[in-house]
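This report concerns only the one structure given below.
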Protein chains: 2
Amino acid sequence: MVLTKWREKILKTIEESEKPLTADEIYMKNNFKPNFSTVYRALKFLENKNLIKSVSFDTGQKYFYSNKKHYHFLYCIKCGEIEVFNKCIATQLEEFINKNFNFKITDHVFYFKGLCKNCKEDEKK
Amino acid sequence: MVLTKWREKILKTIEESEKPLTADEIYMKNNFKPNFSTVYRALKFLENKNLIKSVSFDTGQKYFYSNKKHYHFLYCIKCGEIEVFNKCIATQLEEFINKNFNFKITDHVFYFKGLCKNCKEDEKK
DNA sequence: CCTCGTAATGCAAATGATTTGCATTTTCAA
DNA sequence: TTGAAAATGCAAATCATTTGCATTACGAGG
Ligand SMILES: [Mn+2]
Ligand SMILES: [Mn+2]
Ligand SMILES: [Zn+2]
Ligand SMILES: [Zn+2]
């Protein structure tokens with residue numbers, strides 16, 4: 001169980017991207033070199049090792065992103081465009097949960113849905 | 001385009017549930033009576049009409065919930081159990097986004113990941 | 001009350017993302 | 001150098017969801 005050549009390349013692909021990537025985006029960015037199954041297996045491996053995280057929006061697809069920074073998202077419901085930001089306000093909520101629920105928090109997911117710059121303008125016509 | 005018998009039943013199923021439901025949970029709760037496709041089509045219809053919303057966690061599955069209340073979730077990464085809460089702190093973040101991004105917010109999703117009561121205890125052994 | 005057109009439903013097959021089984025190759029500790 | 005365990009490739013399978021098409025139900029206009 002080690003960080004092999006492909007796993008490393010895939011991790012780097014994700015870390016170098018400014019936005020989260022789908023499995024096939026990662027596949028493409030690596031010139032279709034590692035087999036698609038290898039990509040998926042690597043993603044699972046990296047996620048288990050907590051080197052990456054994944055999130056899914058409206059579509060059935062997962063998006064993968066680095067665990068080096070804290071991410072939140074702006075997801076365009078029209079074109080699927082994703083932007084990221086990192087301002088986080090979960091701490092106060094965490095306290096609320098710890099006080100009122102019997103639940104051990106390990107992570108959280110937050111994103112806004114709406115219209116990106118382009119789709120917002122298209123709307124006007 | 002109207003709220004037919006099945007659509008109404010499915011809406012009621014969702015509104016009467018304390019937690020979000022998957023398509024097949026909804027199917028089961030209706031004794032497998034409307035066809036599965038009808039369930040999915042009804043869900044799409046209801047979501048377009050903004051009567052329900054959906055969210056997906058780690059699995060490729062969508063969970064549907066009523067739009068009558070504001071929901072956030074506690075998602076157990078071990079057993080998939082879901083709890084809900086409604087305390088919401090998105091407003092301040094919304095201002096931040098409006099100030100710094102060119103994005104028209106229409107909704108947001110927030111959930112904590114972690115271990116539910118049961119899985120938390122199992123962990124100890 | 002009938003009648004026709006449109007929308008809704010059922011059924012089966014298709015789709016898309018992801019996973020899995022198995023054969024082959026790579027890795028690395030002994 | 002060698003053998004076992006892990007990683008990879010390839011093809012087929014799986015799971016949730018969607019779609020095409022034939023049939024049925026609904027409702028406005030007659
Ligand atoms: Mn955060
Ligand atoms: Mn909220
Ligand atoms: Zn957009
Ligand atoms: Zn649990």
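Order of the sequence lines sets the chain letters (A, B, ...), proteins ahead of strands, with each chain counted from 1. Remember, it's a predicted structure, so these values are computed and weren't measured experimentally.
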Given DNA chain D, 5'-ward residue of the pair A:M1 and B:A23, judged by closest heavy atom: A:M1

Toward the 5' end of DNA chain D, by each residue's nearest nucleotide, B:K44 or A:P34: A:P34

Quiz item: A:T59 side-chain donor-acceptor pair to C:dA17 base, under 3.5 Å: no

Pair of N/O donor and acceptor under 3.5 Å linking D:dT19 base with B:S37 side chain: yes

Expressed in angstrom and rounded to an integer, what is the separation of [X] atom [atom1] from [N] atom [atom2]?
X     : N      : atom1 : atom2 : result
A:L21 : C:dA17 : CG    : P     : 15 Å
B:Y63 : D:dC15 : OH    : P     : 15 Å
B:Y27 : D:dT17 : OH    : C1'   : 14 Å
B:K9  : C:dT9  : NZ    : P     : 12 Å
A:R41 : C:dT20 : CZ    : P     : 10 Å
A:D24 : C:dA17 : CG    : P     : 6 Å
B:N48 : C:dA7  : CG    : P     : 15 Å
A:E8  : C:dT27 : CD    : P     : 13 Å

For [N], take OP1 and OP2 only and decide whether either is under 4.0 Å from a side-chain N or O of [X].
X     : N      : answer
B:K62 : D:dA16 : no
B:T38 : C:dG10 : yes
A:Y40 : C:dT19 : no
A:N35 : D:dC10 : yes
B:W6  : C:dG10 : yes
B:R7  : C:dT9  : yes

Touch class at under 4.0 angstrom, heavy-atom based, for B:A42 against every strand present: nothing

Sugar-phosphate, base or nothing in reach of A:T4, heavy atoms under 4.0 Å: sugar-phosphate

A:T13 backbone acceptor or donor facing A:E16 side chain under 3.5 Å: no

Short N-O contact, [X] and [Y], less than 4.0 angstrom:
X      : Y      : value
B:K19  : B:E83  : no
A:E81  : A:K117 : no
B:K113 : B:D58  : yes

A:K69-A:N86 side chain donor-acceptor pair, cut-off 3.5 Å: no

Closest to side chain of B:Q61, choosing from D:dA16, C:dA12, C:dC22: D:dA16

Partner of B:H72 by ring pair (Phe, Tyr, Trp, His ring centres under 6.0 Å), out of B:Y111, B:F85, B:F112: B:F85

